[in-house]
Protein chains: 2
Amino acid sequence: MKQITYPPRSQWTEICRRPAINSEGLYPMVQAMFEAIRTDGDRAIQRYSLQFDHLDISEFKVDPAAIREAVKSVPETLKSAIQLAASNIRTFHAQQQEKVQIVETMPGVSCWRESRAIERVGIYVPGGSAPLFSTVLMLGIPAQLAGCSEIILCTPANATAEVAGEILYAAQLVGIQQIYRIGGIQAIAAMAFGTETVPQVDKLFGPGNQYVTAAKQLVQQYGIAIDMPAGPSEVLIIADQTANPAFVAADLLAQAEHGPDSQVILLSDQDELIKQTLEALSQQLALLPRSAIAQAALQNSRAVLLEDMDECMEFSNQYAPEHLILAVENARARSKSIRNAGSVFLGHYTCESAGDYASGTNHTLPTNGFAKAYSGVSLDSFLKKITFQEIDQEGIQHIGPAIMQMAEAEQLMAHSRAVSIRLAH
Amino acid sequence: MKQITYPPRSQWTEICRRPAINSEGLYPMVQAMFEAIRTDGDRAIQRYSLQFDHLDISEFKVDPAAIREAVKSVPETLKSAIQLAASNIRTFHAQQQEKVQIVETMPGVSCWRESRAIERVGIYVPGGSAPLFSTVLMLGIPAQLAGCSEIILCTPANATAEVAGEILYAAQLVGIQQIYRIGGIQAIAAMAFGTETVPQVDKLFGPGNQYVTAAKQLVQQYGIAIDMPAGPSEVLIIADQTANPAFVAADLLAQAEHGPDSQVILLSDQDELIKQTLEALSQQLALLPRSAIAQAALQNSRAVLLEDMDECMEFSNQYAPEHLILAVENARARSKSIRNAGSVFLGHYTCESAGDYASGTNHTLPTNGFAKAYSGVSLDSFLKKITFQEIDQEGIQHIGPAIMQMAEAEQLMAHSRAVSIRLAH
């Protein structure tokens with residue numbers, strides 16, 4: 001970790017810079033694959049799976065019998081843990097349901113919003129060294145609560161052409177029945193355009209590597225919505241004199257082990273605390289199985305000594321972190337000055353891992369500074385809010401003349417006539 | 001309008017097709033302009049304004065004194081109408097404010113969401129034959145309610161290098177002070193990248209022609225959020241035997257006069273009603289100043305006779321209209337089966353013009369079938385919802401073991417350690 005002491009504000013922009021990601025270079029390849037999959041459907045998927053994943057799969061859909069079998073292999077203690085997490089995630093997201101509130105803006109003019117599920121959604125769950133079943137919960141539970149009528153899950157098969165039992169268990173728990181063994185760009189294209197076996201969806205969710213990211217970015221040009229733009233995961237921790245250096249070091253490493261392009265930032269007004277945290281960090285790092293990955297991530301990372309807590313908060317708002325840990329006294333009061341962040345962890349016992357898995361909040365969050373303009377995934381991500389209005393004969397008398405004035409000033413006479421013809425009736 | 005009688009379902013997809021729009025062809029030009037504006041800032045803007053709008057403007061910002069002067073020229077009756085509309089829009093959008101609700105998902109584990117304004121937002125108001133001041137209200141009012149700290153407005157100047165008094169009046173009314181005389185691709189680039197005089201924003205809002213649409217589409221690749229993808233405006237009207245053919249015709253024309261690429265769809269189970277509506281349509285069309293535009297739009301438009309109201313609703317859900325008018329008996333009960341729409345107008349006296357200007361709902365809505373996955377602009381469009389969690393020493397005892405189980409199953413040992421180090425404390 002690079003240590004920086006009292007940097008002038010003119011340097012903050014530079015310190016806030018993320019590790020460069022460039023998915024644009026992949027666009028021509030993605031575009032070509034999109035075209036092939038739109039034309040050849042399943043056969044193109046099969047070809048790419050063979051080419052990229054070295055798997056010759058002709059039947060993508062995971063068989064219900066295979067799901068029942070695989071689920072049996074998941075240890076009971078893990079099942080209980082997943083159930084506990086699912087229950088908290090369900091409780092938190094269910095509370096996001098909005099009651100219909102009818103507003104009478106004028107006598108006889110009623111307006112309101114009603115939520116409707118996005119009908120067909122696609123969830124991508126990356127493969128890799130370990131089965132990321134937590135993502136199944138984080139996307140599947142709000143989709144289920146929203147009432148999406150079709151929930152499609154794509155995930156790459158492992159070397160023996162199977163999907164991990166943990167993923168299948170989590171999917172079953174949240175009511176996802178349509179699971180396809182397809183990964184990477186192929187998976188995004190299959191769900192965006194539909195094939196003989198994979199249904200087309202209206203919106204795509206889920207993390208992925210640079211290929212998946214590029215495909216999700218491009219797919220928007222075909223009218224498919226996506227959850228949010230992606231970037232490497234990151235945490236920013238603000239620690240004061242009450243912080244426990246070992247806790248802070250553990251949280252920094254939990255983020256750093258995600259991937260070599262992860263970034264962790266430590267801010268403090270305590271020189272000594274930074275020193276102790278970095279010491280604890282190197283002790284804990286040595287014990288990690290993924291220490292090489294974490295070490296690479298720490299190359300992109302910074303410990304910054306600032307004047308006081310206000311300056312730390314100001315810096316954090318400029319950085320707009322995906323995860324923000326306030327390891328400070330009176331964290332809740334301090335949190336009022338947060339303007340930009342994805343998810344916030346308050347106090348010394350609220351580790352980021354809690355939000356990653358089980359506190360109830362969603363772990364699909366805006367990275368790369370996108371927290372300035374985007375929210376994390378929530379129930380809303382699986383809904384549309386449709387506005388309604390109902391105007392009666394009295395209402396149009398009240399509101400009609402103003403509409404006509406405005407329409408005529410915008411030179412839209414037919415807009416005005418739609419009112420006058422009713423007023424004259 | 002093309003008349004279609006009892007089309008089989010296999011033809012619905014074809015009937016639902018929108019007039020083709022292709023902004024991709026403009027991308028190379030947009031990209032080149034982006035680069036020039038990033039490099040040369042104001043000088044590039046000035047050059048493009050001269051080239052495209054034939055205006056030699058070196059001072060883009062509209063002077064406060066000029067605003068005061070221009071506002072005086074707006075007729076008092078129009079000012080009153082704008083105030084009435086603004087008041088309704090404010091009432092409806094203010095009700096969308098969300099109260100903080102803390103959920104204790106487990107003992108000692110509290111989660112909640114808090115809203116924060118997107119700090120810097122940019123609003124584009126198109127030029128054209130008439131000043132579209134209603135857009136200033138529809139975007140400015142929720143921005144103001146959200147508490148955005150910087151609201152930038154760009155709009156092309158007219159032939160005498162001025163901004164219409166109506167736009168300036170509406171801007172003043174909703175508290176927008178930073179107004180720039182810049183249009184088209186230049187305006188989008190100026191707000192996305194910032195120049196010497198135009199501040200950079202985090203999110204861009206507002207309608208525009210194909211150039212603006214292409215620029216908004218591309219700007220997302222630079223990490224700037226946009227309100228939603230754009231397409232030509234459209235209405236779908238479902239009318240039953242209780243509908244008034246003259247009202248329905250007026251509503252169809254109000255949509256058709258927007259532009260030659262607008263689309264209007266009439267669905268009914270009453271042959272006679274369709275006939276009478278089309279007769280009323282040709283009578284009313286003859287009287288319109290923008291009849292040539294409306295006539296062009298009607299070329300893209302369809303009147304479809306279907307079996308019954310259920311089939312009409314089903315068709316509408318497949319079309320996913322921006323505006324949906326239910327000119328039917330018991331419209332509110334019927335509206336329960338709506339799954340996809342931007343904004344809905346219930347009953348015979350609720351004309352679309354009401355929502356365009358003054359009922360209180362927002363007129364910035366998803367077109368082109370995007371209503372399947374997108375909502376219209378609301379207060380939420382100007383906010384982020386940040387999740388918070390606070391876990392105390394008791395809470396981590398409850399939730400910790402499950403987190404560790406899951407983290408270890410995902411082979412993320414540092415995630416597990418961040419918990420165990422706290423449990424051991």
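So that the names make sense, note that chain A is the first sequence line, chain B the second, and so on, each numbered from 1.
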Chain B contact via [X] - which portion, at a heavy-atom distance below 4.5 Å:
X	result
F133(A)	both
I338(A)	both
P229(A)	neither
V344(A)	both
E104(A)	neither
L383(A)	backbone
L137(A)	side chain
L218(A)	neither

Is the F247(A) ring parallel, tilted or perpendicular to the H425(B) ring (thresholds 30°, 60°)?
perpendicular
Identify, with sequence neighbours excluded, every residue that meets ring pair (Phe, Tyr, Trp, His ring centres under 6.0 Å) alongside F388(A).
W112(A)
Look at D251(A) together with R422(B) and state whether they make a salt bridge at an N to O cut-off of under 4.0 Å.
yes
Between E119(A) and R339(B), is there a side-chain N and carboxylate O pair less than 4.0 Å apart?
yes
Nearest 0.5 Å, please: how far is NE2 in H93(A) from CZ in R113(B)?
8.0 Å
Distance (rounded to the nearest 0.5 Å) between Q96(A) CD and Q101(B) CD:
10.0 Å
Check residues 83-91 of chain B and write down every donor-acceptor pair under 3.5 Å in which the side-chain atom is one partner and the other belongs to a residue at least two apart or another chain.
unit_1 : atom_1 : unit_2  : atom_2 : d
Q83(B) : NE2    : Y169(B) : OH     : 2.7
N88(B) : ND2    : A358(B) : O      : 2.9
T91(B) : OG1    : S87(B)  : O      : 2.8

Can Q389(B) and T350(A) be counted as having a side-chain donor-acceptor contact under 3.5 angstrom?
no
So, the part of S420(B) with a heavy atom under 4.5 Å from chain A: the answer is neither
Anything in residues 394-401 of chain A with a heavy-atom distance to chain B below 4.5 Å? Please list those residues in order.
I396(A), H398(A), I399(A)
By salt bridge (charged side-chain N to carboxylate O under 4.0 Å, His left out) - contacts of E390(A) (at least two apart)
R332(B)
